[in-house]
**Student:** 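Got a structure for you, questions after.
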There are 2 protein chains.
Amino acid sequence: MSIAEPLPRYAEIRRELEEKILSGEWPPGHRVPSEHDLVAQFGCSRMTVNKAISALAAAGLVVRRRRSGSFVAAPKSQETVLEVHDIKAEITGSGRSYRYVILDRERRRARPEDLARLGAAKGSFDVEALTVLHFADERPFVYEKRLINLAVVPAAAREAFAASPPGTWLLEQIPWTEAEHTIRAENAGADVAHHLAVARGAACLVVARRTFQAGTTITAVTLTYPGERHQLVARFSPATR
Amino acid sequence: MSIAEPLPRYAEIRRELEEKILSGEWPPGHRVPSEHDLVAQFGCSRMTVNKAISALAAAGLVVRRRRSGSFVAAPKSQETVLEVHDIKAEITGSGRSYRYVILDRERRRARPEDLARLGAAKGSFDVEALTVLHFADERPFVYEKRLINLAVVPAAAREAFAASPPGTWLLEQIPWTEAEHTIRAENAGADVAHHLAVARGAACLVVARRTFQAGTTITAVTLTYPGERHQLVARFSPATR
DNA sequence: AGGCTGATTATGTATAGACAATAAGAGCGG
DNA sequence: CCGCTCTTATTGTCTATACATAATCAGCCT
């Protein structure tokens, strides 16, 4: 499976130290040998071991303190990298056919509830409100309600979203600097049940995302997935954090 | 607020390049000046600019190709760091009172369905099966069903879990090397509805987690949260990935 | 045109050395 | 014992250089 590729020296040293930490041989708080000692042990220059230990520090496995030395870090809180793909890519990436319809579309002055969804305190600007239904293999996959801040993305008002759905189009258009996800479970209301073809009251996974650029909200989207047909999966290791 | 701390030279260069990328001045695909050019521009050695660009590459903002140069990376797929805290820490951290009860506990030889939950193909070993209910401010917070692989953690059979609940105890006991999360929505069954004090059929957020050490599963846990009372929140920016 | 070859260029890795910053420890005076 | 300074160990950053590796490009031969 894995060919014997010659790892660079610093990666080799890093791996060796990492193994001692992950195996528990060096428990949290244990002092890692000094760079000087490691230079003698591995027979390389200090820059090389420095690169190895610095990488471990960047990964949060060790803490470095001047004069004191490097120490194995305390076990981290459970943080996981959750991949939430672009819907189009998520579906086509797994070999299924993809289609979407825009159920509703309205341009309006931002109402108080729109401002709340965007997380904006106040303001007077226009928003584009969209309701989109995405299909995977011709079955309803996710029900999307989106608000786009037209003060930031005026082009959205003129876009037909014929080639790409709004989410994909936005990703291609503007760089974002921050995003916020909220994940919860909800019972399907009449509207959602109808469009997703599930029973009323069926458990649905709701992912709400707000995307920001330099402090102002670009878009707020709520994605409702049928609970029994969709799940988010995340696999990770503490080292690659 | 922020004092004028003298950033190291490589961090300063990194910040400057990063700003050009995040502001959109350098769109995806744009070629970053070569190390040689940056050396001339910033008046430092190549190792220093190399460190800056390498950091950007590690963060996924640029892609480096030999001979070709460094290029601004395409916008990444939406990946977010989801913090899933230890339950005890999660509750006490927000100032609420914490309590738990062990509803059920059994030591048994691993059954086929246990093996499936642990993700083990086959094997003959004992497991500790636990059902725990956690309270926040005396209200049911989460319903936990856990399996512990006693072949890896024999001490779990002798532990009373009097001071800490099993999840917290395990975190303190053994280092893990990998974990897998699955998040879905489910309608509450009779059992869950009773313990969480919600209506039957109420939407619940189900987080299933498997924790591994060097390939073998340590523990598999299913956490069921009442949907209307709990949500996972994740905030992140692409640069800090 | 097609394909081979060698030069060029940019990054990848490594070395040896230097000075700075910081914190721990040693020693000393009161 | 307390507080001061001096020394020293350790990491942080930076320079200058070197060779390796890979990809592109230009030119040459058939």
Side-chain angles (χ1 to χ4, degrees), chain A residues 2-21 26-74 239-240, chain B residues 2-18 20-21 26-74 240:
Chain A
S2 65
I3 52 170
E5 45 180 310
L7 277 180
R9 198 84 179 92
Y10 75 89
E12 205 178 304
I13 295 172
R14 182 202 152 136
R15 209 185 45 73
E16 200 153 319
L17 301 178
E18 193 169 298
E19 206 235 302
K20 289 222 200 303
I21 295 170
W26 288 353
H30 180 275
R31 177 167 174 180
V32 176
S34 76
E35 297 189 354
H36 183 265
D37 292 350
L38 291 172
V39 161
Q41 180 181 331
F42 288 100
C44 61
S45 79
R46 192 168 78 92
M47 278 297 290
T48 303
V49 301
N50 179 291
K51 197 167 178 178
I53 307 182
S54 294
L56 289 178
L61 279 179
V62 302
V63 175
R64 314 198 73 186
R65 276 199 297 278
R66 270 187 173 141
R67 160 67 196 178
S68 312
S70 303
F71 301 87
V72 176
T240 60
Chain B
S2 65
I3 52 172
E5 45 179 311
L7 277 179
R9 200 81 179 95
Y10 74 90
E12 204 177 306
I13 295 172
R14 183 202 153 137
R15 209 185 45 71
E16 199 152 320
L17 299 178
E18 193 169 297
K20 289 224 200 302
I21 295 170
W26 288 353
H30 181 274
R31 177 168 175 181
V32 177
S34 77
E35 297 190 355
H36 183 266
D37 292 349
L38 291 172
V39 161
Q41 180 181 332
F42 288 101
C44 61
S45 80
R46 192 167 78 91
M47 279 297 290
T48 303
V49 302
N50 179 289
K51 197 167 178 179
I53 307 182
S54 294
L56 289 178
L61 279 178
V62 303
V63 175
R64 313 197 74 186
R65 276 199 299 280
R66 273 189 170 137
R67 159 67 194 177
S68 313
S70 303
F71 300 87
V72 176
T240 60

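Just so we're clear, the structure is a prediction, and the values are computed from it rather than from any experiment.
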**Student:** Can you find a heavy atom in the side chain of A:C44 that is under 4.5 Å from one in the side chain of A:V49?
**Tutor:**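 Answer yes - side chains close enough.
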
**Student:** From the list D:dT15, C:dG12, C:dT15, which nucleotide is the closest neighbour of the side chain of B:N50?
**Tutor:**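 Shortest atom-to-atom distance from the side chain points to C:dG12.
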
**Student:** Whole angstrom is fine here: how far is it from CE in B:M47 over to P in C:dA10?
**Tutor:**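 In whole Å, C:dA10 P and B:M47 CE are 19 Å from each other.
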
**Student:** If you count heavy atoms of other groups shown closer than 6.0 angstrom to CD of A:E19, is the number above 12?
**Tutor:**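 It does not: A:E19 CD has 12 such atoms or fewer within range.
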
**Student:** Quick one: A:L56 CG to D:dT11 P, roughly how many Å, whole number?
**Tutor:**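 Checked: the CG to P distance equals 13 Å.
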
**Student:** Apply the test side-chain contact (heavy atoms from CB on, under 4.5 Å) to residues A:H30 and A:K20: give CA-CA distance (whole Å), side-chain angles for both, the deciding distance (0.1 Å), then the verdict.
**Tutor:** CA-CA 11 Å; A:H30 180 275; A:K20 289 222 200 303; over 6 Å; no

**Student:** Which of these nucleotides, C:dT22, C:dT13, D:dC14, is closest to any side-chain atom of A:R67?
**Tutor:**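 The listed nucleotide nearest to A:R67's side chain is C:dT22.
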
**Student:** How long is the line joining CZ of A:R64 and P of D:dG12, in whole Å?
**Tutor:**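 After rounding, the gap between these two atoms is 4 Å.
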
**Student:** Which heavy atom of A:L38 sits nearest a heavy atom of A:P33, and at what distance?
**Tutor:**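 Between these two residues, the closest heavy atoms are CD1-O, 3.7 Å.
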
**Student:** Could you state the CG-C1' distance from A:L7 to C:dG12, rounded to the nearest angstrom?
**Tutor:**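 About 14 Å, once rounded to whole Å.
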
**Student:** Locate the shortest heavy-atom distance separating A:V39 from A:R46; write the atom from each residue and the value.
**Tutor:**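 Result for this residue pair: CG2-CA, 3.5 Å.
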
**Student:** Using the rule side-chain hydrogen bond (donor to acceptor under 3.5 Å, both in side chains), only one of A:E18, A:E12, A:E16 pairs with A:R14; which is it?
**Tutor:**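 The residue from A:E18, A:E12, A:E16 that satisfies side-chain hydrogen bond (donor to acceptor under 3.5 Å, both in side chains) with A:R14 turns out to be A:E18.
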
**Student:** Does any non-hydrogen side-chain atom of A:S54 lie less than 4.5 Å from one of A:R64?
**Tutor:**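 Yes - at least one pair of side-chain heavy atoms lies under 4.5 Å apart.
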
**Student:** Shorter than 3.5 Å, N or O on both sides, protein versus nucleotides 19-21 of chain D: list them out with atom names.
**Tutor:**
from   : atom 1 : to    : atom 2 : distance (Å)
D:dT21 : O3'    : B:R66 : NH1    : 3.4
D:dT21 : O2     : B:R66 : NE     : 3.3

**Student:** How many whole angstroms separate atom CZ of B:R14 from atom C1' of D:dT13?
**Tutor:**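 Distance, rounded to whole Å: 17 Å.
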
**Student:** Determine: side-chain N/O of B:S70 to OP1/OP2 of C:dA10, distance under 4.0 Å, yes or no.
**Tutor:**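 No, because none of the side-chain N or O atoms of B:S70 sits under 4.0 Å from OP1 or OP2 of C:dA10.
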
**Student:** Taking all non-hydrogen atoms of both residues, which atom of A:A73 and which atom of A:P28 are closest, and how far apart?
**Tutor:**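 Smallest heavy-atom distance, with atoms named: O-CB, 3.7 Å.
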
**Student:** I want to check one thing: is the phosphate of D:dT24, taken as OP1 and OP2, less than 4.0 Å away from some side-chain N or O of B:S68?
**Tutor:**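 B:S68 to D:dT24 OP1/OP2: side-chain N or O found under 4.0 Å.
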
**Student:** Could you tell me the separation between the CD1 atom of B:I53 and the P atom of C:dT13, rounded to a whole number of Å?
**Tutor:**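 Rounded to whole Å, this separation is 14 Å.
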
**Student:** Is any side-chain N or O of B:T48 closer than 4.0 Å to OP1 or OP2 of D:dT13?
**Tutor:**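 For D:dT13, neither OP1 nor OP2 has a side-chain N or O of B:T48 closer than 4.0 Å.
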
**Student:** Return the minimal non-hydrogen interatomic distance between B:V72 and B:P27, and the atom names on each side.
**Tutor:**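 Residues B:V72 and B:P27, closest heavy atoms: CB-O, 3.5 Å.
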
**Student:** Could you give the CD-to-P distance, from A:E12 to C:dT13, as a whole number of Å?
**Tutor:**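 Going from A:E12 (CD) to C:dT13 (P), I get 13 Å.
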
**Student:** Can you sort out which residues in residues 29-40 of chain B have a heavy atom within less than 4.0 Å of DNA chain D? Ascending by number, please.
**Tutor:**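 The answer is none.
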
**Student:** Nearest of D:dT11, C:dA14, C:dT22 to any side-chain atom of A:Y10?
**Tutor:**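 So the side chain of A:Y10 is nearest to C:dA14.
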
**Student:** Please tell me which of the listed nucleotides, D:dT24, C:dT15, D:dT15, lies nearest to the side chain of A:C44?
**Tutor:**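 Output: C:dT15.
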
**Student:** What are the two closest non-hydrogen atoms of B:Y10 and B:T48, and how far apart are they?
**Tutor:**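 Closest approach of B:Y10 to B:T48: CB-O, 3.8 Å.
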
**Student:** Rounded to the Å, how far apart are A:F71 CZ and C:dA24 C1'?
**Tutor:**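 It works out to 11 Å between those atoms.
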
